[in-house]
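A quick write-up on the structure given underneath.
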Amino acid sequence: MKLIINADDLGLTHESNLGITKALKMGYCTQTTFVVNSKFSDEGANLSFKNKFNHLVGLHLNLSEEMPLTEKIKNLKKYVNKDKLNYYPAYMNKSSYGISPLKTYFEEYTNLEFKMEIEAVREELEAQIKKFIDYGFEPNHIDSHSNILMDLPVWLALKPLLLKYKFKSIRTVFDSFSNNDLYNKIYEEWLKAEISSLGMKSTSYSSSIQRYMKRKDEIQDLKILELYIHPIWKRQKLIDNFTNGILIKDNFSLIKELETTSFFQL
């Protein structure tokens, strides 16, 4: 088995910029993905080129935090609150965790408002892609903050952009709505077919290190899987911001015997 270890959130905060730079230098991750719409994005991009890991940087689409880059999405309360992005798919919220997007959008799918929503989201996503390219990065790999790209309106908005900008690989996190619900199974299989139709590289499993440790016996036959970490440098310590401050070295010790790779090497 080979592991892709992605460090999420380059560019999001000063602490994440320092943490990810250190984590890459120390071999705790094999690649990173970058947020373009934060006041720390410039710093993150500069660090990647200065430290020569810019070739390992993918795009981390973000509709959940910071300022939008475009205007239409500001009119959608579902996505923007008090001028800041604040979107979390229903299947990522505690009150509705795991609910299928088929159920969430069943009645909305053919509405004009839904089509206008997709148009506004597409405008914002394309602005983020263009800004990523303007920083000097190649549009090779893409994933998202809070797993937004798995949600139906975001996926429908994003799909033509993946073709237009020729992205080669993508993160899929089917665990977010992976349970015995029939609607989830249908949606998961449909989304897998959508991604396959684009010819993009992906892994069949992605999760945090902690979730992987709980499920590793179930998925031991997989050849390649992706684990994500969120390194930040805080109080002179390198910690994982996703797991309540567990030291990155302690997380890494759980998987250090496995061979690593990156989407950029597949």
Side-chain angles (χ1 to χ4, degrees), residues 4 6-12 20 30-38 40-42 44-49 52-74 76 79 85 87 89 101 115-174 190-203 206 224 226 228 261-266:
I4 295 168
N6 190 83
D8 287 18
D9 297 345
L10 181 68
L12 185 61
I20 290 170
T30 59
Q31 60 179 61
T32 182
T33 42
F34 176 65
V35 173
V36 304
N37 61 329
S38 166
F40 296 100
S41 297
D42 287 356
N46 290 336
L47 282 171
S48 75
F49 283 95
K52 299 181 180 179
F53 62 84
N54 54 291
H55 63 294
L56 298 175
V57 177
L59 174 58
H60 198 58
L61 292 172
N62 176 29
L63 298 177
S64 306
E65 298 183 52
E66 304 301 326
M67 304 296 289
L69 301 180
T70 55
E71 293 300 316
K72 287 180 184 177
I73 201 168
K74 294 178 182 178
L76 302 178
Y79 292 89
L85 290 163
Y87 173 63
K115 293 178 181 178
M116 292 174 66
E117 174 184 340
I118 292 171
E119 181 182 331
V121 171
R122 182 174 294 141
E123 181 181 77
E124 174 65 24
L125 297 181
E126 184 159 28
Q128 293 190 20
I129 292 170
K130 286 181 176 179
K131 190 170 182 181
F132 178 75
I133 294 170
D134 287 345
Y135 273 117
F137 298 119
E138 294 290 329
N140 290 318
H141 179 66
I142 192 166
D143 61 24
S144 60
H145 208 49
S146 304
N147 197 21
I148 57 167
L149 67 79
M150 296 282 98
D151 205 16
L152 184 60
V154 181
W155 174 255
L156 294 176
L158 179 62
K159 183 180 177 181
L161 300 177
L162 295 174
L163 288 169
K164 180 177 180 179
Y165 291 96
K166 300 179 181 179
F167 281 92
K168 298 178 178 63
S169 59
I170 188 169
R171 174 192 291 169
T172 56
V173 190
F174 298 114
W190 172 79
L191 196 52
K192 285 179 178 178
E194 284 279 284
I195 293 169
S196 178
S197 73
L198 298 176
M200 297 181 71
K201 300 172 184 175
S202 64
T203 63
S206 300
I224 301 177
E226 180 187 8
Y228 43 80
T261 186
S262 75
F263 276 112
F264 302 96
Q265 295 173 288
L266 296 183

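The first residue of the sequence shown is numbered 1, and numbering continues consecutively from there.
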Test Asp9 against His145 for side chain to side chain donor-acceptor pair (under 3.5 Å), laying out the working first. CA-CA 8 Å; Asp9 297 345; His145 208 49; 3.2 Å; yes
Between Leu85 and Glu66, does a side-chain contact (heavy atoms from CB on, under 4.5 Å) hold up when you go through it step by step? CA-CA 6 Å; Leu85 290 163; Glu66 304 301 326; 5.7 Å; no
Apply side chain to side chain donor-acceptor pair (under 3.5 Å) to residues Asp151 and Tyr87 and explain how you reach the verdict. CA-CA 11 Å; Asp151 205 16; Tyr87 173 63; 2.2 Å; yes
Step by step, would you call Ile170 with Phe263 a side-chain contact (heavy atoms from CB on, under 4.5 Å)? CA-CA 9 Å; Ile170 188 169; Phe263 276 112; over 6 Å; no
Apply the test side-chain contact (heavy atoms from CB on, under 4.5 Å) to residues Leu152 and Trp190: give CA-CA distance (whole Å), side-chain angles for both, the deciding distance (0.1 Å), then the verdict. CA-CA 11 Å; Leu152 184 60; Trp190 172 79; 3.8 Å; yes
Show your reasoning for whether side-chain contact (heavy atoms from CB on, under 4.5 Å) applies to Leu10 and His60. CA-CA 8 Å; Leu10 181 68; His60 198 58; over 6 Å; no
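Closest non-hydrogen pair, Thr30 versus Ser262, comes out as O-CB, 3.7 Å. Counting all heavy atoms, side chain and backbone alike, Leu69 lies closest to Val36 at CD1-CG2, 4.2 Å. In this structure, Ser64 and Ser146 approach most closely via the heavy-atom pair OG-OG, 3.3 Å. The heavy-atom pair separating Ile195 from Ser202 by the smallest distance is CG2-OG, 4.2 Å. Considering every non-hydrogen atom in both Leu47 and Phe53, the closest pair reads O-CE2, 3.7 Å. Shortest non-hydrogen contact noted between Ile148 and Val154 is O-CB, 3.3 Å.
In this structure, Tyr79 and Pro68 have side chains that are not in contact, with every pair of non-hydrogen atoms separated by 4.5 Å or more.
For the side chain to side chain contact (heavy atoms under 4.5 Å, CB included) with Leu61, the qualifying choice from Asn37, Leu161, Leu158 is Leu158, the only one to do so.
Interatomic distance, CG of Asn62 versus CD of Glu124, reported as 8.5 Å (0.5 Å rounding). To the nearest 0.5 Å, atom CD of residue Glu138 and atom CD1 of residue Ile133 are 8.0 Å apart. Going from atom CG of Leu162 over to atom CZ of Phe167 covers 7.0 Å, rounded to the nearest 0.5 Å. For the atom pair CG (Leu63) and CD (Gln128), the distance works out to 6.0 Å, reported to the nearest 0.5 Å. Rounded to the nearest 0.5 angstrom, Leu76 CG and Met116 CE are separated by 8.0 Å. In this structure, OH in Tyr135 is found 4.5 Å from OG in Ser41, a value given to the nearest 0.5 Å.
Not a single donor-acceptor pair under 3.5 Å links the side chain of Thr33 to the backbone N or O of Asp143. Panel note: side chain Ser169, backbone Lys201; no donor-acceptor pair is recorded below 3.5 Å. Formation of a donor-acceptor pair under 3.5 Å by the Arg122 side chain with backbone atoms of Leu156 is found in this model. Distance alone, capped at 3.5 Å, places no donor-acceptor pair between the Thr203 side chain and the Ile224 backbone. Side-chain atoms of Ser38 come within 3.5 Å of backbone N or O of Phe40 as a donor-acceptor pair.
Other residues, nucleotides and ligands place more than 12 heavy atoms under 6.0 Å from the CE atom of Met67.
With salt bridges taken as basic N to acidic carboxylate O contacts below 4.0 Å, one links Glu71 and Lys74.
The aromatic rings of His141 and Phe264 sit perpendicular to each other, their planes meeting at more than 60°, with 30° as the lower class boundary. Taking the six-membered ring where the residue is Trp, Phe34 and Phe132 present tilted rings, their angle falling between 30° and 60°.
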